[in-house]
Amino acid sequence: LTGLKDGKNQVETVVADYAGNVGYAATFSSQNNDADNKLLLFNLADGQKITSQSPAYDQEKETYTVTGTYKKNAKLKFNDVEAESDEDGYFEVKLPVKDGQNQLLIKDGDQTLEAVNFTVKAEGPKVSVDEESSGRILAKDDSYTLSGTVSGLGESGKLELTNLSDKSKTKLTVDQDGKFSQKVDLNYGDNPFELTATDADGNVTKKDVTIFTARSYTYTKDMLTFDNIASDLTVIGKTTPGYDEKDHSFTVKDLKNGNHPLTALVQDPRLNDGKPVVEWGYKLWVDLTAPSLQLEGMSLGEDGQLAVYTNKDVYDLKATINDNLSGYSLQVGSDTAYQDKTYEIFKEKKFKNRDAVKVSYPIKAEKE
């Protein structure tokens, strides 16, 4: 093996066949046996620069995982972090670091084994957008000039704008003061964009911004109209689950009792030339459970019809009714014998333990 340093080096081998099966093995190899007890750092050297793209750097925890070898079962101190090498002398230490200049002192007891000075440049550029509030901008037209400021980009850095609706990308020009601007065309409703700033060291900052407008007459390619949805709700997303692009139909599956929202755009054909004017939601109110009905004194005849016999001119129909939701009614012929009060609450739990209703309704008997 070539390229080995004094000390115990970790050697990794990978082999793959034509079918794509991969084999992996790792071992330790020494340049000479006398150097086995020498400290060897695998991924940190004096003067090294660490960025957010460095494999051993954890940006969320702000740590850098230092690996290397020393004599086996040795108790070491990496600044204020204590660690111990294993039977092979290998160690792995999560070292807290900060942006800027850092120094690592590695000690074995009172003996300083090595002092390493290195730089951390992991903080990405800072991006701000004009007229933005909580990631949203309200536009007054069918186009908008997106502007803002970026800092920490450097001379060789770049700023890119992605239209998340159609995935198109635009490289933005940044002036010497860090300012940028770009005119974008807008569709009706929300228009999501993403700004990506990358500095010379590969550190990346992403910022999402959504521009809303109700003044556009165009839709994204994922919006389409239906001709059989009531309540003037005619536009939903093509990517909505249940939409069949082949036969242009929308199917709601796995329906259960209750309220099912469907994202839509409300349209009033009298306004805005029939274009959607308000973003809203189409509610499917689903009730698959029939009311329960018990009738006193009636029997089922051979013809499948309910029948009752009486010697009175007026028969008092007695019924007990209940339902899982509100709004049910009892019809006798063309008359409404009972109408439940309607609560526009489609939650079965709301009506779970309510009492059944007893109804008494007089019916004039007909002689045979």
Side-chain angles (χ1 to χ4, degrees), residues 224-237 239-244 246-271 274 276-368:
L224 51 118
T225 60
F226 283 90
D227 55 11
N228 62 341
I229 294 182
S231 303
D232 293 329
L233 298 169
T234 59
V235 183
I236 71 169
T239 57
T240 304
Y243 172 68
D244 189 324
K246 184 177 180 181
D247 61 11
H248 304 289
S249 66
F250 178 79
T251 303
V252 180
K253 299 180 180 179
D254 301 323
L255 281 181
K256 297 179 181 179
N257 290 338
N259 188 345
H260 296 261
L262 171 64
T263 301
L265 298 177
V266 179
Q267 171 183 313
D268 186 337
R270 298 165 298 178
L271 302 175
V277 292
V278 181
E279 187 173 11
W280 198 247
Y282 184 68
K283 293 184 178 180
L284 299 176
W285 286 348
V286 179
D287 183 9
L288 303 176
T289 304
S292 64
L293 173 64
Q294 296 178 345
L295 298 171
E296 293 183 15
M298 287 195 172
S299 59
L300 190 65
E302 294 181 356
D303 58 355
Q305 300 292 320
L306 288 171
V308 64
Y309 296 93
T310 181
N311 57 5
K312 298 181 179 180
D313 291 337
V314 177
Y315 174 73
D316 193 15
L317 176 69
K318 296 183 180 298
T320 303
I321 319 170
N322 208 345
D323 193 19
N324 63 314
L325 296 169
S326 69
Y328 60 86
S329 64
L330 174 63
Q331 298 289 131
V332 179
S334 58
D335 297 331
T336 301
Y338 179 79
Q339 176 64 59
D340 181 45
K341 184 177 180 180
T342 299
Y343 300 91
E344 294 189 1
I345 301 174
F346 276 72
K347 295 181 180 179
E348 289 184 299
K349 290 191 297 184
K350 173 75 175 177
F351 308 99
K352 184 176 182 180
N353 297 316
R354 70 172 176 171
D355 296 331
V357 174
K358 294 185 179 297
V359 177
S360 179
Y361 185 76
I363 302 176
K364 186 175 181 180
E366 295 181 0
K367 296 181 180 180
E368 292 186 351

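Any value given below was found using the heavy atoms of this structure, including those in side chains, with hydrogens, waters and symmetry copies removed.
Asp340 meets the salt bridge (charged side-chain N to carboxylate O under 4.0 Å, His left out) test with Arg354; sequence neighbours excluded.
Minimum heavy-atom separation, Ala337 to Val332: CB-CG2, 3.8 Å. Residues Glu296 and Tyr315 come closest through the heavy atom pair O-OH, 3.3 Å. In plain terms, the two heavy atoms of Asp323 and Thr289 that are nearest each other are OD1-O, 3.7 Å.
Atom CG of Leu330 sits about 9.0 Å away from atom OH of Tyr361, to the nearest 0.5 Å. Between the CD1 atom of Ile321 and the NZ atom of Lys358 there is a distance of 10.5 Å, given to the nearest 0.5 Å.
Asn322 and Ser292 form no side-chain donor-acceptor contact under 3.5 Å, judged by distance and modelled atom types alone.
Counted within 6.0 Å of CD on Gln294, heavy atoms from surrounding residues, nucleotides or ligands total 12 or fewer; the atom is thus considered open.
Two residues are said to be in side-chain contact when any heavy atoms from C-beta on lie closer than 4.5 Å; Tyr328 and Val357 meet this criterion.
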